[in-house]
> 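Dumping the structure here so I can ask a few things about it.
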Amino acid sequence: MKVFKKKAFSIFASSVLAVSMLAGCGGGQSTQPAESQPEANKEAQGGEQAQGELVAKIGVVSFLTGSGSAYGEAITNGLKLAQEEINEANQGKLKVELAIEDSAGKKDQAISAVNKLINNDNVVGIIGPTLSGEMFAAGPVANQNGVPIMGTSTTAEGITDIGEYVFRNALPESIAIPESIKTVVEKHGVKKVALMYASNDDFSVSGYKTMEKTVKELGLEIVDTQTFANGDTDYSAQLTSVASKKPDAVLVSSLYKEAGLVLAKAREMGLNVPFVGGNGFNSPQLVKQAGAAADNSYVATPWYPAGSEKVDAFVKKYTEKYGKGPDQFAAQAYDALYIISNAILNAGVADDRDALKDSLVELKDFEGVTGKFQFDENRDPIMDVKVLHIEGGEFKRVE
């Protein structure tokens, strides 16, 4: 692997500190460097390189330890399964190596991880970080160094506005949330809603703004708006206020841990109206956290674990390998590595960051387990939306 030519400016420690001061995502700031994290590692790759074989080193920044680690676990599982399949199917043509770093869901660690992958590991591109707040912090570092970076779970508004090297195959909440709200309005005759969101998290604030905008466009009445913080455990005050206003539905923008606690408390208090969530609801951990209280919740997603031979094969392999079925985060990560691998093969080089960026832009008609996919002019995904309803502890597609 050649040493990549750096742009004229370098990202020094001072800029790392400056970017890490950006407005918060969930959790406090950590000074522990990414390379010392317990889950951080460089994937060991055995075997010798075949003559003419492209070897692509892809960096990964994932939320592997901490309160949202289920997201990162699913993402890295999806990536490793895709890596195995790609290397087996392209023997002699392409070999994918993964260098994995743990961000722990913290902006400063995401920045450190991206800097390490770019400057020490010389990766051609990066997948991650997991949270939108992490991408707002670390994405500029990759963009300024001319390194393509792809979010597989970063759904907040403005992600790809960071710069021309920033991509995502995560469905933006500005597309997903309106679909789920419209579905609930149609199915339940909703006229009045209450809004709840985590006010200290970029992703959740962005989702709330989309919810509020959609509700106003649909002519619905907002009877209450309540905020909380990631890490809170008691939502009694907020839900007492919400329940007193008698909404027809409650819209919640948060990560799965807080959403699960909100749902459990709401049902305990007798608030049994439909709940609509943002992308944080798209994890089986929500059901595990909330139990039966998660029923009658709605969320929109590009992923549904049924409907095609490709999807069935993926679910079977993933379940056999990890002992549980894949969620949306695993599926989008799985597709992301295939997207990058296809772009590298189309470019014909594995160590040219600009060639990878240009090839990603030109990618058309890719079909993955999340459906047909390509990037629009802003490097956001063009893909279909599915609305899911939680019934009996299972996500079921609303037809």
Side-chain angles (χ1 to χ4, degrees), residues 132 153-159 168-198 203-226 242 245-256 259 262-263 266 271-283 286-287 290 293-307 327-328 331-332 370-373 376 378 380-392 394-399:
S132 293
S153 55
T154 49
T155 58
E157 193 74 12
I159 290 292
R168 61 174 162 185
N169 73 323
L171 188 70
E173 297 226 292
S174 58
I175 297 173
I177 285 175
E179 292 300 319
S180 54
I181 294 176
K182 289 173 187 175
T183 296
V184 171
V185 169
E186 291 170 3
K187 287 184 69 68
H188 297 277
V190 170
K191 299 186 184 307
K192 302 184 299 181
V193 301
L195 304 177
M196 297 182 66
Y197 69 99
F203 154 75
S204 299
V205 172
S206 176
Y208 156 70
K209 290 178 179 178
T210 298
M211 288 175 173
E212 182 185 44
K213 179 184 177 187
T214 302
V215 164
K216 289 179 178 179
E217 289 175 348
L218 293 174
L220 305 178
E221 179 186 358
I222 299 174
V223 296
D224 198 9
T225 300
Q226 294 290 322
V242 167
K245 307 296 174 53
K246 301 187 183 307
D248 300 321
V250 180
L251 318 183
V252 181
S253 182
S254 74
L255 300 176
Y256 68 76
V262 167
L263 284 166
L271 189 58
N272 295 317
V273 298
F275 273 65
V276 181
N279 198 46
F281 275 44
N282 270 317
S283 172
L286 177 73
V287 176
D295 282 5
N296 203 23
S297 296
Y298 291 81
V299 66
T301 175
W303 160 251
Y304 187 64
D327 62 11
Q328 171 195 288
Q332 288 182 163
T370 56
K372 292 182 179 179
F373 175 90
D376 67 11
N378 298 315
D380 279 323
I382 299 174
M383 57 201 313
D384 293 332
V385 183
K386 305 170 183 70
V387 177
L388 306 183
H389 181 225
I390 302 177
E391 304 173 35
E394 296 183 1
F395 289 86
K396 298 184 179 180
R397 186 173 181 179
V398 178
E399 300 295 345

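This is a predicted model, so every value here is computed, not measured.
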> For Ser204 versus Ala198, what's the shortest heavy-atom pair and its separation?
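Taking Ser204 first and Ala198 second, the nearest heavy atoms are CB-O, 3.3 Å.
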> Grab the two heavy atoms, one from Val385 and one from Ala176, that are nearest each other, plus how far apart they are.
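Residues Val385 and Ala176, closest heavy atoms: CG1-CA, 4.5 Å.
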> Find out whether Val252 and Phe281 are in side-chain contact, i.e. whether some heavy atom of one side chain is under 4.5 Å from a heavy atom of the other.
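With C-beta onward as the side chain, the pair touches.
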> Which pairs, with at least one residue in residues 207-222 and sequence neighbours excluded, count as a side chain to side chain donor-acceptor pair (under 3.5 Å)?
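Listed by first then second residue: Tyr208-Glu212.
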> Is there a side-chain contact between Tyr197 and Thr225 (heavy atoms, below 4.5 Å)?
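Answer yes - side chains close enough.
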> From Leu286 CG over to Leu255 CG, what is the distance, rounded to the nearest 0.5 angstrom?
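Between Leu286 CG and Leu255 CG, I get 11.0 Å after rounding to 0.5 Å.
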> Side chains of Leu263 and Ser297, heavy atoms from C-beta outward: is any pair under 4.5 Å?
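With C-beta onward as the side chain, the pair touches.
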> How many angstroms lie between atom CD1 of Ile177 and atom NZ of Lys182, to the nearest 0.5 angstrom?
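If I round to the nearest 0.5 Å, the distance is 12.5 Å.
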> Restricting to non-hydrogen atoms, name the atom on Asp248 and the atom on Pro274 that form the minimum distance, rounded to 0.1 Å.
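Heavy atoms of Asp248 and Pro274 come nearest at O-CD, 3.3 Å.
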> Which atom names give the shortest non-hydrogen contact between Met383 and Pro302, and what distance separates them?
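Between these two residues, the closest heavy atoms are CE-CB, 3.5 Å.
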> For Gln332, does its backbone N or O pair with a side-chain atom of Asn169 as donor and acceptor, under 3.5 Å?
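Side chain of Asn169 to backbone of Gln332: a pair is present.
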> Using 0.5 Å steps for rounding, measure from the CG atom of Asn378 to the CD1 atom of Ile159.
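Nearest 0.5 Å value for the CG-CD1 distance: 13.0 Å.
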> On a heavy-atom basis, which atom in His188 and which in Tyr298 lie closest, and how many Å separate them?
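Looking at all heavy atoms of both residues, the closest pair is NE2-OH, 2.7 Å.
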> List the atom of Ser253, the atom of Phe203, and the distance in Å for their closest heavy-atom pair.
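That closest heavy-atom pairing would be OG-O, 4.1 Å.
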> Would you find a donor on one side and an acceptor on the other, under 3.5 Å apart, between the side chain of Ser180 and the backbone of Val387?
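Not at all, since once roles are kept as given, no pair shorter than 3.5 Å links the two residues.
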> Distance alone, cut at 3.5 Å: any donor-acceptor contact between the side chains of Asn296 and His389?
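Side-chain D/A pair, Asn296 to His389: present.
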> Evaluate the side-chain proximity of Ile390 to Phe275: yes if any heavy-atom separation is below 4.5 Å, no if none is.
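With C-beta onward as the side chain, the pair stays apart.
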> Without hydrogens or angle criteria, can the side chains of Glu157 and Ser174 be said to hold a donor-acceptor pair below 3.5 Å?
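There is such a pair (donor and acceptor under 3.5 Å, judged by atom type) between the side chains of Glu157 and Ser174.
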> Looking at Val193, Asp224, Leu271, Leu195, which hits side-chain contact (heavy atoms from CB on, under 4.5 Å) with Val250?
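Filter result, single survivor: Leu271.
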> Looking only at atom types and distance, does a side-chain atom of Ser206 sit under 3.5 Å from a main-chain N or O of Ala156, one as donor and one as acceptor?
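Not confirmed, Ser206 side chain does not pair with Ala156 backbone.
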> Take atom CG of Asp384 as the centre, draw a 6.0 Å sphere, and report whether it contains more than 12 heavy atoms from other residues, nucleotides or ligands.
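Check fails, neighbour count at 12 or below.
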> If you round to the nearest 0.5 Å, how far is CG of Leu220 from NZ of Lys192?
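Rounded to the nearest 0.5 Å, the NZ-CG separation comes to 12.0 Å.
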> Does the pair Asp327 and Phe395 meet the rule for a side chain to side chain contact (heavy atoms under 4.5 Å, CB included), with working shown?
CA-CA 10 Å; Asp327 62 11; Phe395 289 86; over 6 Å; no
> To the nearest 0.5 Å, what is the distance between CD1 on Ile181 and CD on Glu186?
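Atom-to-atom, Ile181:CD1 and Glu186:CD are 12.0 Å apart.
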> Using the salt bridge (charged side-chain N to carboxylate O under 4.0 Å, His left out) criterion, which residues pair with Asp380? Sequence neighbours excluded.
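Listed in chain order: Arg168.
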